[in-house]
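Note that these values count all heavy atoms, side chains included, but never hydrogens, waters or copies made by symmetry.
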Amino acid sequence: MPPLSAAESALFLVLLALALFGFARRFSTVVKLLREAKPDADFQLAPVGRRVWDFFWEVICQAKVIKERPIPGLLHAFVFWGFCAFGIVTLNHFAIGVSLPLFSIHGNPIGWLAAAFAIVTAVSIAGLAIRRLVWRPEWLGEVSWESGFIALLIFVLMVTYLADFAWSPTGPLYNGIWWAHTLALLVFLPLIPHTKHLHLVLSPATVFLSRGSFSAIPPLAGDEDFGLVTGKDVTKLTVLQAFSCVECGRCTEHCPAANTGKLLNPKEIILGMRDHLNEFGVASDEPLLGLHISQEAAFQCTTCGACEYQCPVGIEHLPVIIGLRRGAVNTGTWEDEHGTKLFLNLERYGNPMGFPALQRDRFVKSEGLPLYDGSQEYLLWMGCMGSYDPAGREIVSSLVQVLRHHNISFGVLKKERCSGDSARRLGNDLVFQTLANQNIEAIQAVGAKKMLSICPHCVRTLGQDYQEFGVHFEIEHHSQLLANYASPAPPQQTVVYHDPCYLGRYQEIYDEPRAVAASAGALVEAPRSRERGFCCGAGGGLAFLGEEQGSRVNHARAQELADTGADIVAAACPFCNTMFRDGLAAVSERPPQLLDIAQIAAKNLPPSPPN
């Protein structure tokens, strides 16, 4: 490696200083926003061990990137690993610029390793560029020539390194290759904080500093906290995540609203937050909803969590979306006829449908359900659907039949109110807290040790969201209990199981309900299942709001289920059940039979002996 002339070294230092200045000037703005944003009320660094593992698995191994999109994910992983391998090579390259080389890349194991990564990285970045610019999936959005230029710079870096490594040039040829490599580096460096490639710097921190659990809704910090209303309400984690977005469109690809012609695009929510911060900062009274983020879009979210699950850089969309809803509801700027009726029903009647509690009392009496007195194994949490909806009551009756057959003791509360799931997800904290306090008092009064529910929304809300009030209830979904008594049936008919979002992605329960569903026949899978399961459209309070834009989410999912040709559609959530009653009838002249797994389990019981 011939030394550079003094003039060349001086020019290099000037260009390097300019590149570092360009990087620092923009990056310092982001750092300033992070420093000035308010802290997250409930953030805790512990347990550090889990964070280290997540960092290793998702950042170093790129496991999530590869798992969800294997081919482009692997290409991206090779580019990332190539960047890591080129770290020391780049330092050496800069050292050569001042005639103080650290090592020679020729005949050196580091040089050979970097060459291998350079080949793989060049091929991978070319493949990613073709995918983005030529064979571009629609969820990537408009063609980004910025991305194409960055890809070209990376390709030039790899090719110039390989040329130097393979040919060992001297004289003007060496100088030309060295400067080509140098200029590609010095142009790329200041572009990083000005483009989506800022995720190269921020996303490792975003993954490491996650909120700790899936769709974790942060508590409000005092009486003056109404949610995300203006820039002053944006927290440090939200700023970090807003600037970490890689704009890959995975969230859009899997969003049920975006897939059915709604205005909502989870990616645009995050980018809208970033645009607002760039324009107004974190000390502004400018409303978040309006110029850059649509209120209508924020209230089209089913909170299915597909966006958050898919994101490869650790962005947690749901706390942001629910925070925006909180801000709109708690300040009275959201005006919706259905939403107003829902909140009034929850306040007056304790259930979203507006039925008097007497109807639940009559059902409890007609089924002969015992009241929980502390001696039974389970407190059976009926939920609103199990208490008032006719189909939901059938599910409860089937579960009770199974419990009695297996001599599992249970009881119900004399008075049970809605868990508050819909109010929580729509952002009405006052109604949610009122319902939660009433239910906590009722549960603690009977001394319940273990609870059982047919509703994944209730399981999530009582089991996790209520921890915000200092209680911890052990609550089990009925699939977890029923799986203990399930056995596969002869394959005389086929069954397709729909994964409820609040059971699957939220609680990672996939196999137990399938074990119960398989007792009705041979299982077939829908095109989108398990972690990639497609929402029924009921979550986030949308079961009680009008779906007025695009096609209906439940119809889209029902069509997928019907197209499998299965004889039975098995559900494990009363909300999914009610959405598919309408959806299957709308998409098929001869719809498959719709059954909850409790109904399947009850059908498999031997006939009861005569009294």
Side-chain angles (χ1 to χ4, degrees), residues 37-38 40-41 215 217-235 237-239 241-242 255 257-258 262-303 307 316-348 352 418 420-436 465 539-550:
K38 74 175 190 178
D40 292 80
S215 181
I217 303 174
L220 297 177
D223 295 337
E224 298 302 315
D225 187 356
F226 299 103
L228 293 176
V229 182
T230 70
K232 292 180 178 179
D233 301 306
V234 178
T235 66
L237 286 182
T238 303
V239 173
Q241 293 178 14
C255 174
K262 311 294 191 296
L263 186 62
L264 173 63
N265 180 340
K267 180 176 74 173
E268 296 302 328
I269 295 285
I270 301 303
L271 295 182
M273 179 66 74
R274 186 175 73 188
D275 291 342
H276 183 97
L277 294 171
N278 278 329
E279 183 170 353
F280 301 108
V282 293
S284 169
D285 288 321
E286 185 71 22
L288 291 168
L289 291 174
L291 182 60
H292 295 294
I293 305 174
S294 164
Q295 184 187 94
E296 181 182 1
F299 281 91
Q300 289 175 342
C301 176
T302 67
T303 65
C307 54
E316 297 162 318
H317 303 71
L318 292 175
V320 174
I321 292 174
I322 293 173
L324 292 168
R325 288 178 167 187
R326 277 172 151 174
V329 171
N330 293 336
T331 59
T333 58
W334 183 54
E335 296 180 357
D336 182 89
E337 179 184 351
H338 300 287
T340 300
K341 183 178 179 181
L342 168 64
F343 296 149
L344 286 174
N345 284 339
L346 289 170
E347 290 176 5
R348 293 174 180 174
C418 177
D421 165 72
S422 56
R424 173 75 156 172
R425 267 76 201 176
L426 282 171
N428 193 323
D429 289 282
L430 178 61
V431 171
F432 171 67
Q433 291 172 11
T434 301
L435 293 169
D465 292 1
L542 267 64
F544 309 104
L545 303 184
E547 190 175 354
E548 299 169 355
Q549 191 178 46

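Atom CG of Asp421 and atom CG of Leu435 lie 11.0 Å apart (nearest 0.5 Å). Atom CG of residue Leu542 and atom OG1 of residue Thr302 lie 7.0 Å apart, to the nearest 0.5 angstrom. Here the CG-NE2 distance, from Leu426 to His338, works out to 12.5 Å after rounding to the nearest 0.5 Å. The CG atom of Leu545 sits 11.0 Å away from the CD atom of Glu337 when rounded to the nearest 0.5 Å. A distance of 12.0 Å separates OG1 of Thr333 from CZ of Phe226, quoted to the nearest 0.5 Å. Considering CG of Asp275 and CD1 of Ile293, their distance stands at 8.5 Å, rounded to 0.5 Å.
Within the 4.5 Å cutoff, no side-chain heavy atoms of Val234 are placed close to those of Lys38. In this structure, the side chains of Thr303 and Ile321 stay at 4.5 Å or more apart for every pair of heavy atoms. The side-chain heavy atoms of Ile217 and Arg425, taken from C-beta on, include a pair separated by under 4.5 Å. Considering only heavy atoms from C-beta on, Leu288 stays 4.5 Å or farther from Phe280 through its side chain. Looking at heavy atoms from C-beta onward, Glu296 lies in side-chain contact with Gln549 at the 4.5 angstrom threshold.
Judged by distance alone, the side chain of Glu316 and the main-chain N or O of Ser215 form no donor-acceptor pair under 3.5 Å. Under a 3.5 Å cut-off, the side chain of Thr235 and the backbone N or O of Asp40 do not form any donor-acceptor pair. The backbone N or O of Gly540 sits less than 3.5 Å from a side-chain atom of Arg325, completing a donor-acceptor pair. Counting only distance, with no hydrogens or angles, the side chain of Gln300 and the backbone of Leu263 share a donor-acceptor pair below 3.5 Å. Distance alone, capped at 3.5 Å, is enough to place a donor-acceptor pair between the Thr434 side chain and the Leu430 backbone.
Closest non-hydrogen pair, Val431 versus Ala423, comes out as CG1-CB, 3.9 Å. Across all non-hydrogen atoms, the minimal contact from Gly541 to Ser422 is CA-CB, 3.9 Å. Residue Asp285 comes nearest to Thr230 through the heavy atom pair O-CG2, 3.4 Å, listed as atom of the first residue, atom of the second, then distance. When every heavy atom of Leu342 is checked against every heavy atom of Pro352, the shortest pair comes out as CD1-CB, 3.3 Å. The shortest non-hydrogen separation linking Val320 to Leu228 is O-CD1, 3.6 Å. Residues Cys301 and Leu318 come closest through the heavy atom pair SG-CD2, 3.9 Å.
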message: side chain to side chain contact (heavy atoms under 4.5 Å, CB included) for Cys307 and Ile270? Distances and angles first, verdict last.
response: CA-CA 11 Å; Cys307 54; Ile270 301 303; over 6 Å; no

Between Leu264 and Ile269, does the side chain to side chain contact (heavy atoms under 4.5 Å, CB included) criterion hold? Intermediate values first, please. CA-CA 8 Å; Leu264 173 63; Ile269 295 285; 3.8 Å; yes

Could you walk me through whether Leu220 and Arg326 satisfy the side chain to side chain contact (heavy atoms under 4.5 Å, CB included) test, starting with their C-alpha distance in whole Å, then the side-chain angles of each, then the deciding distance to 0.1 Å, before giving a yes or no?
CA-CA 10 Å; Leu220 297 177; Arg326 277 172 151 174; 3.6 Å; yes

Side chain to side chain contact (heavy atoms under 4.5 Å, CB included) evaluation trace for Leu291 with His276: CA-CA 8 Å; Leu291 182 60; His276 183 97; over 6 Å; no

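Ion pairing between a basic and an acidic side chain is recognised when a charged N comes within 4.0 Å of a carboxylate O; Lys232 and Asp225 show no such pairing.
Checked by atom type, the side-chain pair Asn330/Asp429 shows a donor-acceptor distance below 3.5 Å. Side-chain contact, His292 with Glu279: a donor N or O sits under 3.5 Å from an acceptor N or O.
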